Amino acid sequence: MPFKPPSYEGIRDGILRDIRSLLPDADIGTDSDNFIRSAAVSAAIEGLYQYQSWLYRQIFPDTADEAELLHHAGNRNIRQRGAVAASGLVQVTGTPDKLINIGSAFKHVATGALFSATQAAIINASGNAQVPVVAQVPGVAMNGLSGAAIITSPPLGIDAMATIISPFTGGGDIESPASVLVRLLDLMRNPPAGGAEYDYKRWALEVDGVATATVLPRRRGPNTVDVVITGPTGAPSDQVIDMCAAHIDEVRPVTAEVFVFAPLLRVIDATAKIELASGYTLAAVQEAAQAAYNKELGALEPNTGFKRNRISTILGNLAGVADYELMTPAANIGPTDESGAIGWIRPGAITLQVFD
């Protein structure tokens with residue numbers, strides 16, 4: 001039976017009973033000195049009990065506060081993954097042979113977000129150049145950034161206006177405590193084994209910007225290991241892939257040949273006709289359907305197919321849908337149609353129409 005600390009009132013009443021037991025004539029009324037002293041002592045004792053309860057919770061990582069959880073994780077060499085900056089590609093124009101220096105700063109016109117060139121580039125004969133850039137502030141908020149930008153201090157011969165031709169991807173927030181706990185418990189339950197399948201997954205997840213890892217041993221022959229990694233919101237950047245490969249290369253068995261790569265994304269759209277229940281609007285049901293669709297397909301791991309009837313389950317469980325007919329997709333969907341590739345199904349748009 002778990003220990004339950006006594007309440008403040010229980011401690012106080014116990015002290016008052018002891019006083020009355022020792023001094024039958026003692027005044028223990030609410031306005032008496034005995035009551036006031038007992039109340040003060042009880043408050044202090046209750047605080048000690050609460051502190052002991054807090055200490056007990058910190059003993060176990062799954063009940064510990066965030067700071068103590070990270071302490072537990074750190075003792076087992078598990079580090080909270082840091083935030084990762086998103087990156088993209090910007091096209092600039094100007095006079096041929098003019099140079100865009102590494103570190104040149106850009107500003108997104110619509111949002112004011114800042115990003116910097118990661119490589120130098122030279123304007124070609126056509127009067128333009130493509131410049132790889134990275135966000136100055138890490139996090140997922142910069143993913144998908146596109147549109148017009150300006151060079152904050154354009155060199156002579158370089159136009160100030162620029163265009164993001166490859167939307168930003170690969171950004172990730174700092175790892176959540178819940179994710180750290182999952183990795184810590186996995187390590188405790190599956191101790192390092194010098195190159196077991198779960199070791200490769202753990203090594204990959206130690207790298208900033210890696211959200212999930214799928215390990216495929218012997219896919220290319222004996223002593224080969226494929227590690228398919230994903231980012232927080234989609235495919236990881238090339239930089240994250242390179243960092244992950246380098247990290248695994250440092251800790252892998254010397255006989256293993258490891259290949260780290262991102263899966264091919266396969267975006268799946270769906271359409272359905274529905275009969276609205278009384279009191280519901282198509283817009284409200286559409287919003288709920290998209291949220292459920294994103295959750296269902298968003299949970300899929302790389303190299304995993306999708307069953308068409310899961311969409312029927314989503315529609316059947318939606319409030320406001322009296323009846324439905326799923327139009328597309330017409331069949332179950334595999335992770336990819338590319339031979340020998342590893343695909344990853346991602347949610348697209350689910351479009352609802354009312355029966356004619």
Side-chain angles (χ1 to χ4, degrees), residues 62-63 66 83 86 88 108-113 135 137 139-148 164 167-182 211-212 214 230-236 263-337 343-356:
D62 55 342
T63 57
E66 179 178 337
H108 191 238
V109 172
T111 65
V137 178
V140 298
M142 294 288 285
N143 287 341
L145 194 71
S146 62
I164 301 174
F168 280 45
T169 59
D173 292 332
I174 190 169
E175 185 180 14
S176 68
S179 176
V180 175
L181 175 60
V182 169
T212 69
T214 301
T230 68
T233 59
L264 295 178
L265 302 188
R266 184 172 197 175
V267 179
I268 303 301
D269 296 323
T271 58
K273 292 184 178 181
I274 64 170
E275 177 185 342
L276 285 172
S278 177
Y280 289 88
T281 65
L282 179 60
V285 175
Q286 173 71 68
E287 182 179 357
Q290 187 66 59
Y293 188 70
N294 291 345
K295 182 178 180 181
E296 181 70 30
L297 271 70
L300 293 175
E301 296 184 352
N303 210 31
T304 303
F306 181 68
K307 302 297 184 183
R308 179 177 183 268
N309 62 10
R310 296 303 303 160
I311 305 177
S312 297
T313 302
I314 292 172
L315 296 173
N317 290 333
L318 279 179
V321 176
D323 193 10
Y324 66 87
E325 179 183 357
L326 179 59
M327 309 299 293
T328 59
N332 296 336
I333 300 172
T336 182
D337 290 334
W344 188 27
I345 292 177
R346 297 286 81 198
I350 180 169
T351 304
L352 304 183
Q353 300 174 351
V354 178
F355 281 121
D356 297 332

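If you read the sequence from its start, that first residue is 1, and numbering goes on from there. Computed from a predicted model, the values in this text were never measured in an experiment.
Not one N or O on the side chain of Gln286 forms a donor-acceptor pair closer than 3.5 Å with the backbone of Thr281. The main-chain N or O of Gly139 is never found under 3.5 Å from a side-chain atom of Asp173 such that the two would form a donor-acceptor pair. In this structure, Gln290 contributes its side chain and Thr351 its backbone to no donor-acceptor pair below 3.5 Å. Listed for the Arg346 side chain is a donor-acceptor partner under 3.5 Å among the backbone atoms of Leu300. Of the possible donor and acceptor atoms, one in the side chain of Thr328 sits under 3.5 Å from a partner among the backbone N and O of Thr271. Remark: side-chain polar atoms of Arg308 are not paired, donor with acceptor, to backbone N or O of Ile333 under 3.5 angstrom.
Note: Asn309 CG to Asn332 CG = 7.0 Å, rounded to the nearest 0.5 Å. Residue Glu325 holds its CD atom at 12.5 Å from CD of Glu275, rounded to the nearest 0.5 Å. Rounded to the nearest 0.5 angstrom, Leu276 CG and Phe355 CZ are separated by 10.5 Å. Atoms OH and CD1, from Tyr280 and Ile274 in turn, are 11.5 Å apart once rounded to the nearest 0.5 Å. Interatomic distance, OG1 of Thr233 versus CG of Asn143, reported as 3.5 Å (0.5 Å rounding). Remark: Thr169 OG1 to Leu145 CG distance equals 11.0 Å, nearest 0.5 Å.
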Under the criterion side chain to side chain contact (heavy atoms under 4.5 Å, CB included), I'd like the reasoning laid out for Ile345 against Thr304: C-alpha separation, chi angles, the key distance, then a yes or no. CA-CA 8 Å; Ile345 292 177; Thr304 303; over 6 Å; no
Verdict with reasoning, Leu352 to Tyr324, per side chain to side chain contact (heavy atoms under 4.5 Å, CB included): CA-CA 9 Å; Leu352 304 183; Tyr324 66 87; over 6 Å; no
Show the numbers, then the answer: is there a side chain to side chain contact (heavy atoms under 4.5 Å, CB included) between Arg310 and Leu297? CA-CA 9 Å; Arg310 296 303 303 160; Leu297 271 70; over 6 Å; no
Going through the distances and angles, do Asp337 and Arg266 end up as a side chain to side chain contact (heavy atoms under 4.5 Å, CB included)? CA-CA 9 Å; Asp337 290 334; Arg266 184 172 197 175; 2.9 Å; yes
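Using a 4.5 Å heavy-atom threshold, the side chains of Ile268 and Tyr293 count as touching. A heavy-atom distance below 4.5 Å is found between the side chains of Thr230 and Pro263.
Taking all atoms of both residues into account, the shortest heavy-atom contact from Val140 to Gly172 is CG1-CA, 3.5 Å. For the residue pair Ala349 and Asp269, the shortest heavy atom distance occurs at N-OD1, 2.8 Å. Residues Pro329 and Ile311 come closest through the heavy atom pair CD-CD1, 3.5 Å. Considering every non-hydrogen atom in both Met142 and Ala86, the closest pair reads CB-CB, 4.0 Å. When all heavy atoms of Phe306 and Glu296 are compared, the pair lying nearest together is CE1-CG, 4.1 Å. Of all non-hydrogen atoms in Val267 and Gly348, the two that sit nearest each other are CG1-CA, 3.5 Å.
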